[in-house]
Amino acid sequence: MAGSTAGSPRIGLLALQGAYDAHGRLLRRLGADTTEVRLPAQLNEVDALVLPGGESTTLLKLIDAFVFEEALRAFVQSGRPVLATCMGVILLAENVTNPPQRSFGLLPVDVERNSYGRQVESFEAQATFAGETFDLVFIRAPRITRTGPEVETLLTYENDPVLVRHGNILAATFHPELSDCTAIHGQFIEMASRISKPNHAGTGK
Ligand code: GLN
């Protein structure tokens with residue numbers, strides 16, 4: 001059941017750990033209604049979900065402590081839109097290396113954690129997406145080392161996919177919420193708006 005009433009979709013920010021706040025500010029600036037999700041039951045109240053950047057090892061511990069895994073899996077599999085950035089991509093990936101780590105296997109990509117070099121763990125590069133030029137902000141970012149055939153690559157940096165889409169999942173290895181880029185969150189809101197119109201019980205009202 002969605003929490004939004006008319007118009008703007010309600011977007012949940014997984015607020016267990018990491019940089020969810022900047023996503024919230026940007027989404028609200030673009031007209032979305034946001035709410036912080038700290039308990040599994042709160043997933044029932046949102047049309048879409050942001051899995052922010054942060055530290056995936058810590059996040060996995062919190063997911064276990066708050067018994068979140070089943071509800072998160074069900075949310076992603078329900079087809080409601082998910083925007084995963086950095087740590088979020090690591091969580092959803094099929095295989096994680098450097099070091100190997102458990103992941104949900106809901107996004108057909110493999111990732112190598114902290115993959116962009118020791119000294120330069122955080123850096124910026126320029127990119128253009130949907131007519132907008134902005135800084136790609138990488139913070140100890142994972143590298144997508146394999147994409148499944150059904151994964152659409154929307155943006156690359158030095159031949160690596162850095163923004164991909166797979167059905168309801170939009171996934172960025174960088175931090176679009178920390179740059180001037182609005183196109184990615186704009187696209188995510190559009191995906192969420194489409195799903196927030198009919199109700200999720202499937203009666204099409
Ligand atoms: N290096 C982090 C990890 O492996 C991800 C970094 C990020 O989300 N900015 O979990």
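Count residues from 1 along the sequence. Indexing begins at 1, ligand by ligand and atom by atom, following the structure's order.
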Please determine whether a side-chain nitrogen of the Lys or Arg among Glu112 and Arg146 lies less than 4.0 Å from a carboxylate oxygen of the Asp or Glu.
no

Look at atom 4 (O) of ligand 1 and say which protein heavy atom is nearest, naming residue and atom and giving the distance to 0.1 Å.
Arg113 NE, 2.6 Å

Shortest reach to atom 7 (C) of ligand 1 by a heavy atom, considering only Ala19, Cys86, Pro52:
Cys86

Show me which atoms of ligand 1 lie under 4.0 Å from any heavy atom of His175.
7 (C), 9 (N)

Which part of Ile90 is near ligand 1, with near meaning a heavy atom under 4.0 Å away: side chain, backbone, both or neither?
side chain

Taking only heavy atoms of Gly53 into account, list the atoms of ligand 1 that are under 4.0 Å away from them.
8 (O)

For Gly54, take its heavy atoms, then give the atoms of ligand 1 lying under 4.0 Å from any of them.
2 (C), 5 (C), 6 (C), 7 (C), 8 (O), 10 (O)

Shortest protein heavy-atom distance from atom 1 (N) of ligand 1, along with the residue and atom involved
Asn114 OD1, 2.6 Å

Does the side chain of Phe75 reach to within under 4.5 Å of the side chain of Leu106, using non-hydrogen atoms?
no

Between Arg102 and Asp64, does at least one N-O distance fall below 4.0 Å, as a salt bridge requires?
yes

Side chains of Tyr116 and Asp160 in contact at under 4.5 Å (non-hydrogen atoms):
yes

Just wondering, do Ile144 and Thr173 contact through their side chains at under 4.5 Å, heavy atoms?
yes

Decide, yes or no, whether a salt bridge links Arg140 with Glu55 under the criterion of side-chain N to carboxylate O below 4.0 Å.
yes

Between Ser179 and Cys181, is there a donor-acceptor pair closer than 3.5 Å when you use the side chain of the first and the backbone of the second?
yes

Which ligand 1 atoms, with their elements, are less than 4.0 angstrom from a heavy-atom of Ser56?
3 (C), 4 (O), 10 (O)

Can you list the ligand 1 atoms lying under 4.0 Å from a non-hydrogen atom of Arg140?
1 (N), 2 (C), 5 (C), 6 (C)

